[in-house]
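One structure is given below, encoded as structure tokens.
Residue numbers start from 1 in every chain, and the chains themselves are labelled A, B, ... in the order their sequence lines are given, proteins ahead of strands. Computed from a predicted model, the values in this text were never measured in an experiment.
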There are 2 protein chains.
Amino acid sequence: MKNINIKDLARELNLSVGTISKAFHDSYEISEDTKNRVLETARRLNYVPNPYASSLRGRRSKNIAVVIPEVADSFFSLAINGIESVAKEKGYHVLICLTHESFENEKTILQEFQGGRVDGVLMSVSRETSESAHILNLMGNGVPLVFFDRVLDEIDTAKITTDDFESGYKATEHLIQQGCDNIGFLGISECLSISNRRLEGYQKALNDYHVRYDSQQIINCTNDAVQNDILIRELLQGPNRPNGIVATVEKLTTPVYRASEALGLNIPADLKFVCFSNLETASILNPSLTTITQPAFEMGKIAATLLFKSLEKNDFNLSKESQVVPSRFIMRGSTI
Amino acid sequence: MKNINIKDLARELNLSVGTISKAFHDSYEISEDTKNRVLETARRLNYVPNPYASSLRGRRSKNIAVVIPEVADSFFSLAINGIESVAKEKGYHVLICLTHESFENEKTILQEFQGGRVDGVLMSVSRETSESAHILNLMGNGVPLVFFDRVLDEIDTAKITTDDFESGYKATEHLIQQGCDNIGFLGISECLSISNRRLEGYQKALNDYHVRYDSQQIINCTNDAVQNDILIRELLQGPNRPNGIVATVEKLTTPVYRASEALGLNIPADLKFVCFSNLETASILNPSLTTITQPAFEMGKIAATLLFKSLEKNDFNLSKESQVVPSRFIMRGSTI
DNA sequence: CTGAAAGCGCTAACAG
DNA sequence: CTGTTAGCGCTTTCAG
């Protein structure tokens, strides 16, 4: 019933707690024989050191946090797997914290970390995040932080991103080459780095190919699915209906398909559609979906690896370690 | 790492640490005036109590764990949201631990909890789990545990499941009514509760409708996508190709669709397909997918609520609290 | 090689 | 109303 602790173990073995602790950490001060005895009895009695006591004493928690908007999203869940794979190797635990795209939540979560709950943070900011004080605050307290995917430009630390501008450009260029001359853009935020860079790529492509740019065709989607449905429908039944759409996040896929169907628009004949997405089902949608697919697992891995480097040596300068990893453009039935 | 602590605060305010602590916990012993002063300076100095010190002292961590096979799965990611919504309300943190369907991982994770890392556990067992010693061990140490979805029958605690038998039955019955007379079943484990109950429902339906039962048509899928592709292809190009399939987990959707396409089989004309799935994209697949959809969010919520009840009062008997919540059967294009 | 003891930051019982 | 103090379980000097 009662969690057995180091003292119980010591009593059991007629040793001091200090010796036990050292044996556990494989200290050179302890004889092989004693180490074995300790390890063996520990196993027998099911002794597991209390992590909070260790954290308190050692001033490091052996926990890192992953702060993300949402877990029900292929990109983030794959990234988590990447992060976890390296954390495990380092003997660290991963705390997954969800902001649900709310800036308030994000602030609260980071604020909590001020108490020393985690040794480092991996983060993708919420769609509402435009200020950086809460992050700078935490970093100022010595907690290293690495961004992945959704970054805050003004913060000086490692940022693992994909080639958002190029991808936005390529997606748009592709639509143009497929004959679209009126292309809509579905963003998710006016302050979000990824949304803006992808938008810039989109704008550049329109410009390069002399396709009309119309700010009316740029929709800022919300965090509310019902509201998004309305926005998308409005776009698709408006007087100036686009014949191509670039969407910046996976969760916009279903609404666009459904709205098209409801309005009797055929994809790709009436409307060509490209989406930034890691959906496994992209290839079996009706029609199969042309995507910009990010190396999610890899990005998580890279970000985590950098974080651990900075955890391991204090003089490691994260701000020189940003990386841009390329996305893959996968052409499928929704645009051809 | 200049994390400010309660002592610093005390010095700043010319108060004792005891007073600060009490002020923080809104003790009746402390004057309003002092409380305000404390709270105000705490905010100003960015003081956040060290959670590990509190945990150590109070012998409760204010953390619960969610032990699941995988996060890149709609059911589990939705369930996490449900769990999180109640944990937040209770001021608890959620540790998400992934077994990746490995029994070894699962054991290691639960073993770690013996140290007191979490106050309670919500769990869906791995596909490999057939023994229960590791779980009983933890529960024996006073850590309450609630199962959701994938349970271990022999363990006496609350289990939040869906009507797996009935759903398996209904799915199969539907296929039969649509004219299938040779129905395959894709399971994921021979020891997994959900897989087995769904299988039993399938068998009962075959029996009730006098449809031939052939154990060759029951495939145990693995945790390896490549291997699964092979198994599914073998089934679909074998001499005794089924004209209907019931699959027990979401991740089998893409392989089945792709294999069918590769082999020139039309869904639903040549092969009708039902899948247990919470995929948001089910309705826009080609063809849209008939699913058994579980109330994932709700299940997470129920399971978490029960766990907190048992955390709040020791005499709460979890073993009397199991619930079966109904799934929804959603007929779509893959079977009609 | 082993043991004793001083904390890590916080809470709560007890004293004033 | 506020202060003092004894630990929670563990690690880590320092002594032996």
- Message: Using the side-chain heavy atoms of A:Ala53, tell me which of these nucleotides is nearest: C:dG3, C:dG9, D:dG9.
- Response: D:dG9
- Note on the structure: A:Leu13 atom CG is separated from C:dT2 atom C1', nearest whole Å, by 13 Å
- Looking at A:Lys301 and A:Glu298, does any basic side-chain N land under 4.0 Å from a carboxylate oxygen? no
- Message: What's A:Leu15 touching, base or sugar-phosphate or nothing? Going by heavy atoms closer than 4.0 Å.
- Response: sugar-phosphate
- Query: To the side chain of A:Leu56, which of D:dT2, C:dC1, C:dG9 is closest?
  - Reply: C:dG9
- Task: Among the candidates C:dC10, C:dG3, D:dC8, find the nucleotide nearest to the side-chain atoms of B:Ile6.
- Result: C:dC10
- OP1, OP2 of C:dG9 versus side-chain N and O of B:Asn5: anything below 4.0 Å? yes
- Could you verify whether a donor N or O on one side chain and an acceptor N or O on the other, from A:Asn46 and B:Asn137, lie under 3.5 Å apart? yes
- Message: Output the rounded distance in Å from OH (A:Tyr28) to P (D:dT12).
- Response: 12 Å
- Note on the structure: To the nearest angstrom, the CZ-P distance between B:Arg11 and D:dT2 comes to 20 Å
- Message: Taking the minimum atom-to-atom distance to the side chain of B:Val17, which one of D:dT5, D:dT13, D:dC10 wins?
- Response: D:dT5
- On the 0 to 90° scale, with breaks at 30° and 60°, tag the A:His134-A:Phe103 ring pair as parallel, tilted or perpendicular. perpendicular
- Message: Of the listed nucleotides (D:dG3, D:dT12, C:dT2), which one gets closest to any side-chain atom of B:Ser16?
- Response: D:dG3
- Should A:Arg37 and A:Glu40 count as an ion pair when the cut-off is N to O under 4.0 Å? no
- Which listed nucleotide (D:dG3, C:dC10, C:dC8) is nearest to the side chain of B:Pro49? C:dC10
- Query: When you measure from the side chain of A:Ser124 to the backbone N and O of A:Arg150, does any donor-acceptor pair fall under 3.5 Å?
  - Reply: yes
- Could you please name the option among D:dT13, C:dC10, D:dT2 that lies closest to any side-chain atom of A:Glu29? D:dT13
- Scan side-chain atoms only and decide if B:Asn81 and A:Glu70 contain a donor-acceptor pair under the 3.5 Å cut-off. yes
- Query: Under 4.0 Å between a side-chain N or O of B:Thr19 and OP1 or OP2 of D:dG3?
  - Reply: yes
- Query: Please give, in whole Å, the distance from C:dC1 P to A:Arg37 CZ?
  - Reply: 14 Å
- Message: Measure NZ/A:Lys7 against C1'/C:dG3 and give the value in whole Å, please.
- Response: 15 Å
- Query: Is B:Asp33 touching bases, backbone alone, or none of the nucleic acid, heavy atoms closer than 4.0 Å?
  - Reply: nothing
- Message: Using a heavy-atom cut-off of 4.0 Å across all strands, would you classify A:Thr34 as base, sugar-phosphate, or nothing?
- Response: sugar-phosphate
- Which listed nucleotide (D:dG9, C:dG9, C:dA4) is nearest to the side chain of A:Lys22? C:dA4
- Rounding to a whole Å, what distance do you find between B:Arg60:CZ and C:dA12:C1'? 13 Å
- Between P of C:dA12 and CD1 of B:Ile30, the distance in whole Å: 13 Å
- Query: In whole angstrom, what separates B:Asp26's CG from D:dC1's P?
  - Reply: 13 Å
- Message: Any base atoms under 4.0 Å from A:Phe24, or only sugar-phosphate, or nothing? Heavy atoms, all strands.
- Response: nothing
- Message: Using a heavy-atom cut-off of 4.0 Å across all strands, would you classify A:Ser54 as base, sugar-phosphate, or nothing?
- Response: sugar-phosphate
